[in-house]
Number of protein chains: 2
Amino acid sequence: MRIGELAERAGTTTRTLRYYESRGLLTARRTEQGHRTYDENDLRLLQQIRTLQDFGFELEETRPFVDCLRAGHPAGDACPASIAVYRRKVAELDGLIEQLRAVRAEVGAQLLRAEAELPLGPEPRCELGTEWDTETAETTEGRRG
Amino acid sequence: MRIGELAERAGTTTRTLRYYESRGLLTARRTEQGHRTYDENDLRLLQQIRTLQDFGFELEETRPFVDCLRAGHPAGDACPASIAVYRRKVAELDGLIEQLRAVRAEVGAQLLRAEAELPLGPEPRCELGTEWDTETAETTEGRRG
DNA sequence: TCTTGCCCTGACGTCGGCGTCAAGGCCTAC
DNA sequence: GTAGGCCTTGACGCCGACGTCAGGGCAAGA
């Protein structure tokens, strides 16, 4: 299949596929006219990349998985190098989550303190259009969208 | 004081201060030679910005706090607009943390499955230099540094 | 006088993962 | 012949918060 069909079947764009090729992932064969040609195996590679990207993996981090599939393994994570990436990612996520939880606690505490010190009073149960609610509605883009 | 001294006292750089000025935060008076001049109040504004930046706030999100201090309030979060930013940030953090926890759970599960399916066996209790440990050491830059 | 040190403005570089435009080629249908 | 649709390469744009370099000014000390 050609690049447009592969992109559509994988739910991505041709630009993305050319970018992956420029990075050395997902290289393509060529027709006589110079058009890129892909097969079902390339689709599997691409799906592997996309799945990991959705998880927040950087492109470079997907490389071991692609290499693993290219080497003939049934799954991209059937190789030690891929598992090493998994491990690093889990550790990274754990660290990040803990960091964000600390920030969330700090900001939450500041919010409570600042609300309590507001001279006008926070009135948390009141759902009328108070001053800060109005301001929120002006600066927030579709929090309900 | 001049820009170099303010930057040093706030633990930042002159480039950063000029950048803040270009964004309309932390504007400075000028000497006859055109040099920027700051006072103690500017230091407080800057410290407010830096604190929020450390929390992961974008520069634009610090603007209400700065405006609040400029308006003469004793704290940057003594104004409704600042509190609105706090609220949005807390909600944003909660959403992000939940999202990361979901990804972490998924990646963790994939890791366990992949380890179990490794033909060589994961041997989780073994701390010898196994294949993937070696590979990790090659591709990870100073995990102990 | 010459160096040192601080300051100025302007502008390009960085990082990731593409989006988007420009300019052109090839094949097919009308 | 020509319009449409798919493909090609090349290259600039984007976002955020600056880093870094170029080229120049001004004042104090040796």
Side-chain angles (χ1 to χ4, degrees), chain A residues 1-39 42 45-66 85 88-89 92 96 103 139 141, chain B residues 1-39 42 45-66 85 88-89 92-93 96 103 141:
Chain A
M1 79 192 88
R2 288 179 300 173
I3 193 169
E5 185 182 345
L6 177 60
E8 192 179 0
R9 288 181 63 182
T12 182
T13 68
T14 61
R15 177 68 183 92
T16 295
L17 301 190
R18 293 197 189 94
Y19 177 65
Y20 289 173
E21 182 168 322
S22 78
R23 298 286 93 193
L25 300 160
L26 204 69
T27 59
R29 269 76 51 198
R30 298 296 181 119
T31 67
E32 289 182 359
Q33 288 78 31
H35 291 189
R36 291 174 177 81
T37 306
Y38 303 89
D39 56 22
D42 290 321
L45 296 188
L46 180 52
Q47 285 168 338
Q48 172 75 84
I49 296 172
R50 293 266 98 195
T51 298
L52 296 175
Q53 286 268 87
D54 289 344
F55 282 162
F57 284 51
E58 294 180 5
L59 260 193
E60 276 310 308
E61 293 175 322
T62 73
R63 195 179 296 274
F65 295 80
V66 175
V85 173
R88 270 188 284 141
K89 208 68 191 177
E92 183 186 320
L96 186 54
V103 169
T139 58
E141 357 155 38
Chain B
M1 80 193 89
R2 287 179 301 173
I3 193 170
E5 185 182 346
L6 177 60
E8 193 179 0
R9 286 181 63 181
T12 183
T13 68
T14 60
R15 178 68 183 93
T16 295
L17 300 190
R18 293 197 188 95
Y19 177 65
Y20 289 172
E21 183 167 321
S22 79
R23 298 286 93 192
L25 300 159
L26 204 71
T27 58
R29 270 76 51 196
R30 299 295 183 120
T31 67
E32 290 182 358
Q33 289 78 31
H35 291 190
R36 291 174 178 80
T37 307
Y38 303 89
D39 57 22
D42 291 319
L45 297 187
L46 179 54
Q47 285 168 337
Q48 172 75 83
I49 297 172
R50 292 267 97 196
T51 298
L52 296 175
Q53 286 268 89
D54 287 345
F55 282 161
F57 284 50
E58 293 179 5
L59 259 193
E60 276 311 307
E61 293 175 321
T62 72
R63 195 179 295 275
F65 295 80
V66 174
V85 173
R88 270 188 285 143
K89 208 68 191 179
E92 183 186 320
L93 285 168
L96 186 55
V103 170
E141 40 208 327

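Naming: A, B, ... by sequence-line order, numbering from 1 per chain.
In this entry the distance linking CD of B:E61 with P of D:dA17 reads 9 Å, nearest Å. Between the CD atom of A:E21 and the P atom of D:dT8 there is a distance of 8 Å, rounded to whole Å. Across the protein-nucleic acid pair, B:L17 atom CG and D:dC18 atom P stand 10 Å apart, rounded to whole Å. Across the protein-nucleic acid pair, A:I3 atom CD1 and D:dT8 atom C1' stand 10 Å apart, rounded to whole Å. Atom NE2 of A:H35 is separated from atom P of C:dC26 by 9 Å (rounded to the nearest Å). A straight line from CG of A:L6 to P of D:dT8 spans 11 Å, rounded to a whole angstrom. The distance between atom CE of B:M1 and atom C1' of C:dC7, rounded to the nearest whole Å, is 16 Å. Distance A:R2 CZ to C:dC27 P: 11 Å, rounded to the nearest Å.
Comparing B:Y20 and A:G4 against DNA chain D, the residue whose closest nucleotide sits nearer the 5' end is A:G4.
In terms of phosphate contacts, A:Y19 brings no side-chain nitrogen or oxygen within less than 4.0 Å of OP1 or OP2 of C:dG16. The shortest distance between the side-chain N/O atoms of B:T16 and the OP1/OP2 oxygens of D:dG19 is below 4.0 Å. Distances shown here put every side-chain N or O of B:Q53 at or beyond 4.0 Å from the OP1 or OP2 atom of D:dG16. For D:dG13, neither phosphate oxygen OP1 nor OP2 lies less than 4.0 angstrom from any side-chain nitrogen or oxygen of A:R15. For B:T13 and D:dG19, the shortest distance from a side-chain N or O to OP1 or OP2 is below 4.0 Å. At the phosphate of C:dT9, OP1 or OP2 sits under 4.0 Å from a side-chain N or O atom of B:R30. Contact annotation: A:R18 side-chain N/O to D:dT8 OP1/OP2 distance is under 4.0 Å. Put simply, A:T31 has no side-chain N or O that comes within less than 4.0 Å of OP1 or OP2 on D:dC7. Contact annotation: A:Q33 side-chain N/O to C:dC27 OP1/OP2 distance is under 4.0 Å.
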- Task: Determine, stepwise, if the pair A:L59 / A:I49 fulfils side-chain contact (heavy atoms from CB on, under 4.5 Å).
- Result: CA-CA 8 Å; A:L59 260 193; A:I49 296 172; 3.9 Å; yes
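Minimum heavy-atom separation, A:L46 to A:A10: CD2-CB, 3.3 Å. In this structure, B:T27 and B:E21 approach most closely via the heavy-atom pair CA-CG, 4.3 Å.
The shortest distance between side-chain heavy atoms of B:V85 and B:F57 falls below 4.5 Å.
In terms of polar N and O atoms assigned as donor or acceptor, the side chain of A:R36 never comes within less than 3.5 Å of the base of D:dT8 in a complementary pairing.
Distance CG/A:D42 to OH/A:Y20: 14.0 Å, rounded to 0.5 Å.
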